[in-house]
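Working notes for the structure below.
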Amino acid sequence: MQWLGRRESDNVEDNRGGGGGGGGRFALGGGIISIIALAIYYFTGVDTSQLLNQVASNGQVQTEQQARDPNAPKDNASRFVGVILADTEDIWTKIFSDMGKTYEKPHLSLFRNYTESACGNASAATGPFYCPADSKVYIDLSFYDELKNRFGAGGDFAQAYVIAHEVGHHVQNLLGTSAKMDEARNRLSETAYNKLSVKLELQADFYAGVWAHYEQSMKKVLDAGDIEEALTAANAIGDDRLQKQATGHIEPDSFTHGTSAQRMYWFKKGYETGDINQGDTFGNGDLE
């Protein structure tokens, strides 16, 4: 991907020296969870947010609290994140404008080891996530090492896909989908809610694909093999594949993010069509 020397977003907060925030609304769990939390979250379908909050409140999470110098020079990793976020801003601003809507840009917080969000406390084990309560994406950049070394999904566009997926959750928040999911959480059984969660995550994959479509048509910055990198990442973190690797068997009722085939299908559909209207992964009035 051609990203060096391009515009960086002003909405990246580098908090790798400490944390901030606090609160209680649930976070939308990104497309990918770090290997440490897989056994709890992916393999069983159990939400880890309460556990992480309990661990943090008991003082069992250690983190550095020194403030980061805002004038410190940026590293390539943070520059890359800034460029990708800037591209999502440009692309979703255009898409929303075409719909007669205004796109409100999210912030992205870089953290190390531990952070506090308006959705509660989280650690690097949580993986990248989006918090609707503060409209912010959170990511510990060490996750990219896990993505490459643990999941075999390296490459800069695989990393870009992670950010685009989380921004996809922000799009859902702006369009009212997240609020409907919040309401459904209070009235559905765990199994029924998990099925909706899968559809939510697949739609975020679709939106990431739409973004990739415009990265090429608007920005013309994709290199040969970039889309394959994103598809490899989507394939690597399907619920079925992760459960099979961890336990030797698959439990569809505990799926929360979708199978490898589903994740690849919806990302590819978004990329090929570039049409946000074709991303109704819910259908049948599931959230009405």
Side-chain angles (χ1 to χ4, degrees), residues 11-68 77-78 81 84-85 106-147 150-151 159 161-173 178 181-182 185 190 193-194 197 200-201 204 208 233 237 239 242 254 256-257:
N11 294 313
V12 175
E13 304 169 2
D14 195 339
N15 297 313
R16 286 177 286 180
R25 187 178 174 188
F26 77 96
L28 299 179
I32 310 169
I33 303 297
S34 154
I35 195 70
I36 304 172
L38 286 178
I40 302 174
Y41 188 66
Y42 267 119
F43 303 158
T44 67
V46 176
D47 185 359
T48 60
S49 60
Q50 291 183 353
L51 173 63
L52 290 168
N53 284 339
Q54 181 179 3
V55 170
S57 64
N58 289 338
Q60 297 172 11
V61 174
Q62 301 296 322
T63 181
E64 298 175 352
Q65 293 297 328
Q66 71 270 22
R68 182 176 177 85
S78 62
V81 169
I84 300 305
L85 188 63
H107 283 244
L108 187 152
S109 174
L110 299 175
F111 71 95
R112 179 180 289 116
N113 299 328
Y114 169 79
T115 191
E116 298 175 2
S117 76
C119 294
N121 303 319
S123 74
T126 313
F129 68 95
Y130 171 74
C131 176
D134 58 17
S135 299
K136 190 178 294 186
V137 173
Y138 294 83
I139 182 169
D140 184 324
L141 293 179
S142 66
F143 171 74
Y144 287 146
D145 294 329
E146 298 283 353
L147 187 65
R150 300 275 186 172
F151 297 106
Q159 298 177 9
Y161 157 68
V162 173
I163 298 171
H165 176 101
E166 301 306 334
V167 172
H169 283 308
H170 178 63
V171 172
Q172 291 170 324
N173 192 26
S178 301
M181 282 290 292
D182 214 353
R185 188 185 187 95
E190 181 179 341
Y193 182 80
N194 283 349
S197 177
L200 185 79
E201 297 297 334
I237 45 81
D239 284 327
L242 291 171
S254 70
T256 55
H257 287 65

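Residue numbers run from 1 in the order of the sequence given.
- Between the side chain of Asn15 and the backbone N or O of Phe111 there is no donor-acceptor pair closer than 3.5 Å.
- Scanning all heavy atoms of the two residues, the minimum distance from Ala122 to Phe129 falls at CB-CE2, 3.6 Å.
- Minimum interatomic distance between Ala133 and Ala118 (heavy atoms only, all atoms of both residues): CB-CB, 3.7 Å.
- Within the structure, the salt bridge (charged side-chain N to carboxylate O under 4.0 Å, His left out) test picks out the following pairs touching residues 128-137 (sequence neighbours left out): Glu13-Lys136.
- Summarising the geometry, atom CD belonging to Gln172 is positioned 9.5 Å from atom OH belonging to Tyr130; distances are rounded to the nearest 0.5 Å.
- Note that CZ of Phe151 and CZ of Phe143 are 6.0 Å apart. Values are rounded to the nearest 0.5 Å.
- The distance from atom OG of Ser197 to atom CZ of Arg185, rounded to the nearest 0.5 Å, is 8.5 Å.
- Here the straight-line distance linking atom SG of Cys131 with atom CG of Asn173 works out to 9.0 Å at 0.5 Å rounding.
- Between Ser78 and Leu141, the shortest heavy-atom contact is N-CD1, 4.4 Å.
- In terms of heavy-atom proximity, Glu166 sits nearest to Pro128 at OE2-O, 3.4 Å.
- For Ser135, the side-chain hydrogen bond (donor to acceptor under 3.5 Å, both in side chains) test picks out no residue, with sequence neighbours left out.
- With rounding to the nearest 0.5 Å, the separation of CE in Met181 from CG in Leu200 is 4.5 Å.
- The NE2 atom of His257 sits 10.5 Å away from atom CG of Asn194, with the distance rounded to the nearest 0.5 Å.
- When all heavy atoms of Ser178 and His169 are compared, the pair lying nearest together is OG-O, 3.9 Å.
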**OP:** Would you please test Ile139 and Leu108 for side-chain contact (heavy atoms from CB on, under 4.5 Å) and show each step?
**Re:** CA-CA 8 Å; Ile139 182 169; Leu108 187 152; 3.8 Å; yes
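- In terms of heavy atoms, Val137 sits closest to Val167 at CG2-N, 4.4 Å.
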Original post:
Going through the checks in order, is the side-chain contact (heavy atoms from CB on, under 4.5 Å) test met by Tyr138 and Thr126?
Top reply: CA-CA 10 Å; Tyr138 294 83; Thr126 313; over 6 Å; no
